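Worksheet: one structure, shown below.
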Amino acid sequence: HVQLVESGGGSVQAGGSLRLSCTASGNIFSITAMSWYREAPGKQRELVAASRSGGSTGYADSVKGRFTISRDSAKNMVFLQMNSLNPEDTAVYYCHANIVVETTMRLEYQFWGQGTQVTVSS
């Protein structure tokens, strides 16, 4: 059993910053990738930032230069530092991970956190 738990959401004024955290726990053999998605009201869930185990990262065009994804692999954690926030960043942010679980064999699964609300006011 694997869980992803996010924290760090909240309300902030435009131009402000927030830092999201996500911790993976459970029967984890290894983590292939960890990412952040967001879902705004009336919109589809979109990829915001991704971090692969090799160290490569990627960002949505809308957040490049403002958001930074980082990981603490020893603690199975991923972070999203969000700067220069604007009202268009308002959404529920979800942690996502590709995790290899070892039971009788090693298989990779995708897991989602419960989501954390980020609200940016103008």
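This is a predicted model, so every value here is computed, not measured. No hydrogens, no waters, no symmetry mates; every other heavy atom, side chains included, goes into these values.
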Validation row, ring centre Trp36 to ring centre Phe67 under 6.0 Å: no
Cluster check Leu4, Val100: I/L/V/M/F/W/Y, side chain < 4.5 angstrom: no
Validation row: Lys75, Thr23 side chains within 4.5 angstrom (heavy atoms): no
For Thr32, the option from Glu108, Gln110, Arg52 that meets side-chain hydrogen bond (donor to acceptor under 3.5 Å, both in side chains): Glu108
Any side-chain heavy-atom pair of Val92 and Thr116 under 4.5 Å: no
4.5 Å side-chain heavy-atom contact, Val12 and Thr119: no
Co-membership, hydrophobic cluster, residues Ile31 and Leu80, 4.5 Å side-chain: yes
side-chain hydrogen bond (donor to acceptor under 3.5 Å, both in side chains) contacts touching residues 54-67 (sequence neighbours left out): Arg38-Ser62, Asp61-Lys64, Arg66-Asp89
Residue pair Met34 / Cys95, side-chain heavy-atom distance below 4.5 Å: yes
Face-on cation placement of Arg71 at Phe79 ring, 6.0 Å and 45° thresholds: no
Side chain proximity check, Glu46 to Glu39, heavy atoms < 4.5 angstrom: no
ILVMFWY network linking Tyr93 to Tyr37, side-chain heavy atoms under 4.5 angstrom: no
Donor-acceptor contact present, side-chain Gln13 to main-chain Ser121, <3.5 Å: no
Leu47 and Ser35, any side-chain heavy atoms less than 4.5 Å apart: yes
